A.B. asks: 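Got a structure here, written out as structure tokens. Questions coming.
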Amino acid sequence: MSAGKILVVDDDPQIRRVMRATLVGHKYEVIEARNGEDALIRISAEIPDLVLLDMNMPGLNGLETCQHLRSGSDVPIIILSVRNSEKDKVAALDAGADDYITKPFGMEELLARIRAALRRAPTSPESGPHSVATADLQIDFDTRRIHVRGKETRLTPKEFDLLRYLVSQAGKPVPHRELLQAVWGPDYGDEPEYLRVFINQLRKKIEPNPAKPKYILTEPWVGYRFAAGGDLG
Amino acid sequence: MRDSRIRRALRVIAASAIVALVIAFYFRVASVNNTTVALTLLLVIFGISAWWGLLEATIASLVAVLGFNYYFLPPIGTFEVQDPQNWVALAAFLVTSVMANQLSARAKRRTREAVDRRREIEGLYALSQSLLLSGSARTASQDLVSRVVRILGVTTVAFHTRLTHETFRWGPDDALISDEQLQTDRDEALIDRSRGVAIVPVRLGGQALGNLGLTGPLPSEAVLNAVAYLVAIGVERARTLEEASRAEAARQSEVLKSALLDALAHDFRTPLTSIKAAVTSLLGQPRPDAERELMTIINEEADRLNRLVAEVLEMVRIEAGKLHLEKRPQDVSEVIDATLAELKPLLHDRPVEVRLQDALPAADADFDFVQQVLRQLLDNALKYSPSGSPLTISARAGEGRVVVSVADRGSGIDEQEQLRIFDKFFRAREHRFRLPGTGMGLAIAKGIVEAHGGRIWVTSEPGQGSVFSFSLPVHRGEMVS
């Protein structure tokens with residue numbers, strides 16, 4: 001049985017070859033797209049479990065492709081790019097990517113990140129609540145459904161896991177490192193920009209006023225805290 | 001001259017004839033009282049005076065007085081003036097003619113002046129309009145002189161610009177203005193109306209741009225100054241335009257350069273990515289030792305090539321002034337802590353002492369880049385001092401700068417090499433073939449520090465060790481608590 005279906009989007013055929021050889025060797029099913037437009041067609045036909053997306057491509061570039069993919073799917077996306085500035089990483093995460101890896105990379109690292117992206121925290125953690133209900137927010141962790149002011153809202157898996165972890169620790173400040181490792185995996189911890197971007201996106205989706213959050217609060221120099229305004233069940 | 005005298009004589013005759021006609025008309029045709037005759041004559045003289053001039057009017061009034069006296073004042077037929085009241089009539093004719101003439105002369109002068117002013121203003125306007133059309137500074141100067149000639153109606157115009165020390169002339173060469181006169185610095189205009197020569201300084205905002213020389217029928221001084229001012233604006237405008245287009249060209253070449261850099265980064269790293277991915281993929285599987293060793297070499301060399309590409313790109317970026325610093329008030333002790341944490345595996349056998357001055361002010365710095373500089377200095381200290389020897393990192397403030405130093409107990413650097421150590425590709429003689437490195441690390445560190453507005457230097461005593469220091473500007477008005 002395959003460990004998951006991965007869509008590799010890169011304009012360089014050699015990179016696609018290496019990826020295919022390696023990923024197939026690790027029991028993944030691999031489909032390829034040579035550019036952004038191709039990726040958008042492939043994704044609806046094949047429904048992959050994960051997308052490895054090159055940033056620098058002719059035509060629709062990685063960021064644009066990522067935005068298009070994200071508008072119709074919550075498939076985990078890992079951006080591969082030769083740039084390693086924080087600005088580029090934030091731009092990629094803002095466009096909807098779940099992770100970012102700088103080229104050239106070691107295959108072990110990429111495989112670890114693929115595993116982290118594919119891994120979902122169990123749907124009902126022992127310690128955490130099963131649902132949250134406040135005046136304008138209903139979250140059902142078992143069915144992974146969330147309603148904001150009565151309207152069903154879609155969260156990407158990483159956003160959902162982040163929210164769930166914060167809720168499971170409701171009232172307590174969660175340090176950056178702990179949050180990164182709980183949501184992304186044990187190899188993470190030095191990517192505060194990931195949290196910045198994802199917390200912003202979560203706030204946009206669930207806060208009545210994202211500029212003055214009332215649920216997801218920043219604890220300066222420490223991390224973030226979920227303010228339990230409602231009943232946890 | 002002769003023409004105008006003949007015209008005047010004709011006008012005198014005509015004026016006298018008109019008066020004679022009026023007198024003849026009243027004497028022969030219409031019989032009216034003397035007052036009517038006198039008033040009619042008065043009007044006629046008034047008219048002559050207003051339209052023609054004083055001489056014509058005076059002679060006409062004499063004719064009128066004589067005629068009026070002879071034909072209408074008793075005793076009629078004689079020039080005798082019986083009644084003294086008739087002298088009043090005579091005086092009235094004369095005074096009227098003089099007054100009317102003066103009034104009309106003044107009005108005419110005013111009109112002429114107004115017409116002249118209008119013409120001058122039209123000229124200045126045309127000149128200012130034409131200034132907007134001129135192109136480069138050089139063609140603009142040539143254009144300007146020809147336009148001044150055409151618009152002001154002077155004979156020749158010469159313009160000397162201090163910008164390029166060129167002289168532009170237009171019109172026939174009358175040799176009235178020498179090059180030397182044009183090149184002399186002057187505060188005030190030199191205007192010689194008798195020779196029809198003027199040299200006006202061309203200034204803008206107190207800055208002398210050159211001199212403008214004109215010959216021929218000169219306009220008023222105000223107009224000359226205005227023309228000089230317009231020329232100054234025109235020349236300055238053309239120069240600014242030229243500079244702006246040069247700046248635009250430079251900007252476009254910068255855009256091209258960074259596009260090239262990006263392409264370079266991408267094109268070098270793409271094959272490196274495939275190599276690295278392939279070899280690390282192979283290394284991830286169980287292998288015999290010999291194979292593993294060879295693959296490890298491929299992997300390490302791919303990393304080295306990648307570092308090299310990164311360094312070259314960084315160097316090019318620094319040299320192109322394209323380093324994007326995100327400066328914030330930065331506590332350098334944080335940078336030191338972060339760098340030490342990062343280099344921990346390399347520092348395991350080194351006693352590291354950190355000496356921080358109390359109440360160190362925040363530096364205006366980009367955290368990542370400053371960390372890169374410090375990493376480079378620590379890297380060097382580790383490389384060039386014996387293992388186990390201590391390192392000292394210190395930070396102090398003074399003269400608006402925060403100075404960070406890294407001291408080692410290595411072999412030191414001789415004076416010759418100290419001078420060149422921050423040069424690109426420079427490698428110390430004794431280490432050149434012994435230790436890995438590209439010789440770009442310190443050059444990049446220097447570029448980064450200088451981009452911050454700081455300085456990097458080394459003091460060293462051969463045999464005692466070296467101290468590498470760099471300074472960063474203090475963030476204004478903020479202290480790190």
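Everything numeric here is computed off the predicted structure, so don't read it as measured data. Just so we're on the same page: letters track the sequence lines, and every chain starts at 1.
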A.B. asks: Crowded around B/R328 CZ? As in, over 12 foreign heavy atoms under 6.0 Å?
C.D. replies: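 Open: at most 12 neighbouring heavy atoms sit under 6.0 Å from CZ of B/R328.
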
A.B. asks: Can you tell me which of A/R17, A/R83, A/R16 forms the most heavy-atom pairs within a distance under 4.5 Å of chain B?
C.D. replies: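 Most heavy-atom pairs under 4.5 Å with chain B: A/R83.
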
A.B. asks: For residues A/K87 and B/E326, determine if any side-chain heavy atom of one lies less than 4.5 Å from a side-chain heavy atom of the other.
C.D. replies: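 Touching, per the 4.5 Å side-chain cut-off.
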
A.B. asks: Checking B/V279 now: which residues fulfil side chain to side chain contact (heavy atoms under 4.5 Å, CB included) with it, not counting sequence neighbours?
C.D. replies: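 Testing B/V279 for side chain to side chain contact (heavy atoms under 4.5 Å, CB included), a comparison that skips the adjacent residues, returns B/M295, B/I298, B/N299.
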
A.B. asks: Counting heavy-atom pairs under 4.5 Å to chain A, which of B/T270, B/L282, B/I275, B/D303 comes out on top?
C.D. replies: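 Result: the option with the highest number of such pairs is B/T270.
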
A.B. asks: For chain B, find which of A/N56, A/D10, A/D54 contributes the most heavy-atom pairs closer than 4.5 angstrom.
C.D. replies: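 Heavy-atom pairs under 4.5 Å are most numerous for A/N56.
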
A.B. asks: Tell me whether the count of non-hydrogen atoms from other residues, nucleotides or ligands lying under 6.0 Å of CG in B/D349 goes above 12.
C.D. replies: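 More than 12 within 6.0 Å, yes.
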
A.B. asks: Please list, in residue-number order, every residue in residues 184-199 of chain A that has a heavy atom less than 4.5 Å from any heavy atom of chain B; write 'none' if there are none.
C.D. replies: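 The residues closer than 4.5 Å to chain B amount to none at all.
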
A.B. asks: Tell me, for A/V18 versus chain B, whether the close heavy atoms (under 4.5 Å) come from the side chain, the backbone, both or neither.
C.D. replies: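 Just its side chain gets close to chain B.
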
A.B. asks: When only pairs under 4.5 Å are counted, which of A/I15, A/L111, A/L110, A/L80 shares the most heavy-atom pairs with chain B?
C.D. replies: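 When all of A/I15, A/L111, A/L110, A/L80 are compared, A/I15 has the most.
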
A.B. asks: To the closest 0.5 Å, what do you measure between OG1 (A/T102) and CZ (B/R269)?
C.D. replies: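 Those atoms lie 8.5 Å apart.
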
A.B. asks: Take atom CZ in B/R292; do more than 12 heavy atoms of anything else shown fall under 6.0 Å from it?
C.D. replies: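 Above 12, so yes.
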
A.B. asks: Among A/P104, A/G106, A/S81, which residue has the highest count of heavy-atom pairs closer than 4.5 Å to chain B?
C.D. replies: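 So the answer, after comparing A/P104, A/G106, A/S81, is A/P104.
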
A.B. asks: Work out which heavy atom in A/F105 is nearest to a heavy atom in B/T280; give both atom names and the distance.
C.D. replies: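 Minimum heavy-atom separation between A/F105 and B/T280: O-OG1, 4.2 Å.
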
A.B. asks: Out of curiosity, B/L283 CG to A/M107 CE, how far, rounded to the nearest 0.5 Å?
C.D. replies: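 With rounding to 0.5 Å, CG (B/L283) is 11.5 Å from CE (A/M107).
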
A.B. asks: If every non-hydrogen atom of B/S274 is compared with every non-hydrogen atom of A/Q14, which pair is closest and at what distance?
C.D. replies: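 Answer, listing the atom of B/S274 first, then A/Q14: OG-CB, 3.6 Å.
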
